[in-house]
Amino acid sequence: MTLDFEKLEETNAIYRSLLAGKLVSPENIDIIHHRTRDKKLPVLRDRKSRVIFLKEALEQQFYNQAGDGGDLDGDEHLSHTFDCGVVRSKKLEDEGRRLKQFLSYIKGKSVCDFGTGHGFFLDLCVGVASQVSGVELRRGCINDIKLRLGDSVSVQPSFKDFEQPFDLVTMFHVLEHLEEQKLHLDSAYKALKSGGEIIIEVPHAEDFLIEKMALEAFYDFGFWSEHLILHTRTTIRYFLQAAGFIDIKVHPFQRFGYANHLHWLRHGKPGGHYIYQDIPSDEFEQSYRKFLCQRNWSDTLIASARRP
């Protein structure tokens, strides 16, 4: 397939923004995979910057206003595939980890979780933060949150629907779904008090299974039509700076450990973090995750920044 870069610039907002920031160059862009998990949609990568993005941004099927939140079934995450199938894998306990990891940012502060989904992070923030809010479009998710938490939290479809600014905005695995990166970060900036902070967690383009293993089975599953961009440390920093944030810090973080990688390499499937959970010792697991972060091969990036 030959890429039409003039058309790509005309139709792809992410490509335009990366081009404007000199983060990609047409002569450096390759098609690294010809499909995503669920669509015949080429996946592109800049050989120099390593940022990954999709050739097209299709209409979001799951993360829209009419969505019913059908991405979870109990403690299992549901991934919809190219052949109309569904892959089930045990959900990570990310919410508890995030509360512990970012407690100093949350305690006694007004917090708004953008793209809060089912709102499980909000559950944990109630009684810890001084005020708990969320931004979410999906009606099914909003109804679930209201049933669980009632008036103890406020959930609205946009930042503009809140009257008061926040001490902290969080965006956990949300930014990669958004076509207009800077526009949404601008909105987050405006939703913060002066001195307020933002924490962003996104998938990393230089994930070990992508960058070093180039694992075909992981490409088939990991690339998704609703993940429009996989950031690098440089690209996430660029967009935060463009939105006016200061004191930007970007760190690698590893969500999935050795057992997950072992299962991918042995069977080419997700779920190893549960299936092989008793293989690595705690000490080995910690060393393995630390090693991946030191080499910049983590599966996740965490960025923090402040509004002046």
Side-chain angles (χ1 to χ4, degrees), residues 60 62-65 67-69 71-72 77 91-178 180-181 183-193 195-203 226-227 231 236 239-240 243 245 249 253 255 300-307:
Q60 299 264 320
F62 291 95
Y63 301 111
N64 58 45
Q65 190 172 13
D68 62 0
D71 55 345
L72 289 177
H77 187 266
K91 179 179 175 292
L92 290 178
E93 296 180 357
D94 280 319
E95 291 82 16
R97 183 263 299 171
R98 288 169 184 148
L99 181 70
K100 183 178 180 181
Q101 191 171 6
F102 307 123
L103 185 61
S104 62
Y105 293 86
I106 297 165
K107 191 172 182 179
K109 303 293 180 65
S110 58
V111 176
C112 184
D113 186 35
F114 181 83
T116 195
H118 299 267
F120 299 132
F121 182 65
L122 304 185
D123 288 64
L124 300 183
C125 288
V126 171
V128 179
S130 63
Q131 177 188 332
V132 181
S133 305
V135 173
E136 179 57 46
L137 289 176
R138 291 178 289 172
R139 296 191 188 100
C141 291
I142 294 171
N143 291 337
D144 286 346
I145 294 168
K146 287 182 177 178
L147 283 172
R148 287 199 325 273
L149 299 176
D151 295 333
S152 61
V153 304
S154 175
V155 180
Q156 301 293 342
S158 75
F159 284 126
K160 293 179 181 179
D161 296 301
F162 295 100
E163 294 182 0
Q164 300 297 323
F166 302 99
D167 295 309
L168 176 67
V169 165
T170 57
M171 300 175 74
F172 297 127
H173 290 265
V174 173
L175 193 60
E176 65 271 20
H177 294 271
L178 305 175
E180 298 287 352
Q181 299 275 294
L183 177 67
H184 289 285
L185 290 174
D186 284 342
S187 296
Y189 182 95
K190 293 173 184 175
L192 285 167
K193 299 175 182 177
E197 295 177 285
I198 187 169
I199 295 172
I200 299 173
E201 191 175 303
V202 291
E226 305 212 6
H227 279 181
H231 277 287
I236 189 69
F239 284 110
L240 282 165
F245 287 98
K249 300 179 180 65
F253 181 80
R255 293 172 70 223
T300 303
L301 293 174
I302 294 177
S304 63
R306 181 171 63 86
R307 175 177 175 168

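Using a 4.5 Å cut-off on side-chain heavy atoms (C-beta onward), Val174 and Leu178 make contact. Looking at Pro157 and Leu137, their side chains come closer than 4.5 Å, going by heavy atoms from C-beta outward. Contact of the Ile302 side chain with the Phe102 side chain is registered, since non-hydrogen atoms from C-beta on lie closer than 4.5 Å. Counting only heavy atoms from C-beta outward, the side chains of Leu175 and His231 approach each other to under 4.5 Å. Within the 4.5 Å cutoff, no side-chain heavy atoms of Ser152 are placed close to those of Val132. Within the 4.5 Å cutoff, side-chain heavy atoms of Glu201 are placed close to those of Thr300.
When each of Lys193, Gln131, Lys109 is checked for a side chain to side chain donor-acceptor pair (under 3.5 Å) with Asp167, only Lys193 meets the rule.
Annotation for Leu122 and Ser133: closest pair CD2-O, 3.4 Å, computed over non-hydrogen atoms. When all heavy atoms of Thr116 and Glu136 are compared, the pair lying nearest together is N-OE1, 3.3 Å. Contact between Phe245 and Ala188 at its shortest, heavy atoms only, is CZ-C, 4.4 Å. Residues Ala303 and Leu240 approach most closely at CB-CD1, 3.9 Å, considering heavy atoms. Minimum interatomic distance between Gly134 and Phe162 (heavy atoms only, all atoms of both residues): O-CZ, 3.4 Å. Contact record, His118 with Arg148: O-NH2, 2.8 Å, taken as the closest heavy-atom pair.
The aromatic rings of His227 and His177 sit perpendicular to each other, their planes meeting at more than 60°, with 30° as the lower class boundary.
Taken from CD in Glu176 to CD1 in Ile236, the straight-line distance is 9.0 Å, to the nearest 0.5 Å. Put simply, CG on Leu99 and CZ on Phe120 are 15.0 Å apart, with the number rounded to the nearest 0.5 Å. Taking CG from Leu185 and CZ from Phe114, the interatomic distance works out to 9.0 Å, rounded to the nearest 0.5 Å. In this structure, the separation between CG on Leu168 and NZ on Lys107 is 15.5 Å, given to the nearest 0.5 Å.
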Residue pair Ile106, Thr170: steps toward the side-chain contact (heavy atoms from CB on, under 4.5 Å) verdict: CA-CA 10 Å; Ile106 297 165; Thr170 57; 5.9 Å; no
From CA spacing to verdict: side-chain contact (heavy atoms from CB on, under 4.5 Å), Met171, Ile198: CA-CA 8 Å; Met171 300 175 74; Ile198 187 169; 3.9 Å; yes
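A donor-acceptor pair under 3.5 Å is absent between the side-chain atoms of Asn143 and the main chain of Gly140, judged by distance alone. No donor-acceptor distance shorter than 3.5 angstrom exists from the side chain of Ser304 to the backbone of Ile199, with no hydrogens or angles considered. Side-chain atoms of Arg307 come within 3.5 Å of backbone atoms of Tyr189 as a donor-acceptor pair (strictly under, hydrogens ignored).
In this structure, Arg98 satisfies the cation-pi test against Phe172, with its NZ or CZ atom closer than 6.0 Å to the six-membered ring centre and inside 45 degrees of the ring normal.
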